[in-house]
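Comments concern the structure below.
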Number of protein chains: 2
Amino acid sequence: MTAVTRRERVEQKERAILEAAAHAFVESGYDGARMADIAKRAGVAEGTVYLYFKTKTDLMRAFVADFWGDLTQRAEQAVADKGETFEALAALAAMHLQNLIERFDVVELTQSGRVRRGDTPGNREFMKAYVAVFDRIWRRGMDRGELIDTAIHWQARDIFFGSLEYAARTIRLHSDRTQGSVVDNLIETLKQRYAVLPDQKPSTQKSERLLQRLEAAVTRLEKTPNR
Amino acid sequence: MTAVTRRERVEQKERAILEAAAHAFVESGYDGARMADIAKRAGVAEGTVYLYFKTKTDLMRAFVADFWGDLTQRAEQAVADKGETFEALAALAAMHLQNLIERFDVVELTQSGRVRRGDTPGNREFMKAYVAVFDRIWRRGMDRGELIDTAIHWQARDIFFGSLEYAARTIRLHSDRTQGSVVDNLIETLKQRYAVLPDQKPSTQKSERLLQRLEAAVTRLEKTPNR
DNA sequence: CATTATTTACAAGTCAAGCTCATTTTGCGA
DNA sequence: TCGCAAAATGAGCTTGACTTGTAAATAATG
């Protein structure tokens, strides 16, 4: 672990501080976290922390940025092999909901993100890359004609992320409610609203096939002499 | 407005403090607000504030409770004369979105709500009465058969409030995006997913149920060896 | 290697803000 | 007018983020 160059040693220390900060923030929330504790846990004097991060807010920002970076990577992975639009959306939704539930504290940190007036107005920069995963799926769906051309991108996106966030809250509050059905419901909802040929053709085909089968069966039964 | 009884004077002072606090919180956010300023604005010594509200957190809680109480009243009013389910939902959505946009700071205060670990876990109690407005509409819609009977109440609710909140953020960020279309889109989405359709659908649903029944029966028959 | 320069680390100290408490003021009944 | 409890006060206390003067470690130079 012993680094050689100055640069490496500095980076190593920065990571140590960030890690300690992550621990503290998750453990106690933003306000609850003590800079003194973070310093101690990182094996560093309190003043040193301020050489690496100008303020506590900065430290949190770095932590949150890391977090969303991670999520983005995982999201891209989860979506990578999904071809059809709603399949990809379902995969993304499932992953997103999972993460929301598991790490809700961090997500809340992001959003409330120290809103001392005039303090870092654009705190949700981190989410941009994350949200872009959705955007890519959506745009591709439009290009392929799998989505109706009157769909308004950002409204669909707000429904997607908004309802998932609220669902995560609900599920956390009432542990009896399941996540699977939330994703199914959301995707079904989006499908009925935004999919081209929402359901009609397939179901019609299906019922026609079924009718044929029923007819054949009944015909057969009719041929069988009653006893 | 000089009060007479002791009780009245006390209540008047409490209101003055709350009002000053509201001003400070909206102006500067929770962290930015200074107890000293609040005291001064209420025309009271700093120590006095603590006779009425144990902590700063308490003060914010009272403020937020007031806020949601107000909203609830307005929501009930907005919905009162709407008969049909989706008409009522549209009215509620429009009002909610309007409030979210205008007073987003307060709403964010509610949610981030000082999450010092172990500090007042149920901070969103205030919203209960508010959310109940939605619940009433929904339940009535179910009773009247205007909503499909497979609808899961809380999931619909999460879509409703979740997407509105996200839409509010989006609209605040990009002032070019209009609120009217958001409400329309949301209601349309919910309708397509949850409404029992007036003309065709009921019979279709019915025949689909019938088909299922027939299919099951025939499957059973098919398995039975011919006699 | 010795010396100087620069970067990195430290911890004692400053400051601001929430909150406490000993003391004073107020208002009401007798 | 007196007594007394309720209400109010504001000078401190405490805590925690941040500063800063000083020292150690490392690199550059001759």
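Letters go in sequence order (proteins before strands), and every chain restarts at 1.
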*Are any of the side-chain heavy atoms of B:F63 and B:L59 separated by less than 4.5 Å?*
no
*Find the distance B:K56:NZ to C:dA17:P and express it as a whole number of Å.*
9 Å
*asked:* Can you say whether a donor on the side chain of A:E46 sits under 3.5 Å from an acceptor on the base of C:dC10, or the other way round?
replied: no
*Would a line drawn from the ring center of B:W138 to the ring center of B:F160 be shorter than 6.0 Å?*
no
*Give A:A39 one of three labels, base, sugar-phosphate or nothing, depending on what nucleic acid heavy atoms sit under 4.0 Å from its own.*
nothing
*Of all residues at least two apart in sequence or in a different chain, which pass the side-chain hydrogen bond (donor to acceptor under 3.5 Å, both in side chains) check with B:E19?*
none
*asked:* Output the rounded distance in Å from NZ (A:K40) to P (D:dG16).
replied: 12 Å
*Which nucleotide, D:dA7, C:dC19, C:dT8, lies nearest any side-chain atom of B:V10?*
D:dA7
*Closer than 4.0 Å, any side-chain N/O of A:R34 to the OP1 or OP2 of D:dT15?*
no
*asked:* So, OP1 or OP2 of C:dC28: does either fall under 4.0 Å of a side-chain N or O from B:R9?
replied: yes
_Rounded distance in Å - CZ (A:F53) to C1' (D:dA17)_ = 16 Å
*Integer-rounded Å distance: D:dT9 P and B:M35 CE*: 14 Å
*In whole angstrom, what separates B:Q12's CD from D:dA8's P?*
11 Å
*With the side chain of B:V44 defined as its heavy atoms from C-beta on, choose the nearest nucleotide among D:dA8, C:dT8, D:dT9.*
D:dT9
*Grab the CG-C1' distance between A:D31 and C:dA17 for me, whole Å please.*
13 Å
*Considering only heavy atoms from C-beta outward, does the side chain of B:E188 approach that of B:Q192 to under 4.5 Å?*
yes
*Between D:dG10 (C1') and B:Y50 (OH): distance, integer Å*: 13 Å
*OP1 or OP2 of C:dA9 less than 4.0 angstrom from a side-chain nitrogen or oxygen of A:Y52, does that happen here?*
yes
*Check whether any side-chain N or O of B:K54 sits under 4.0 Å from OP1 or OP2 of C:dC19, and answer yes or no.*
no
*Stepwise, does the salt bridge (Lys or Arg N to Asp or Glu O under 4.0 Å) test hold for A:D58 with A:R61?*
CA-CA 5 Å; A:D58 252 44; A:R61 222 196 316 282; 2.7 Å; yes
*What integer distance in Å separates B:D58:CG from C:dG18:P?*
14 Å
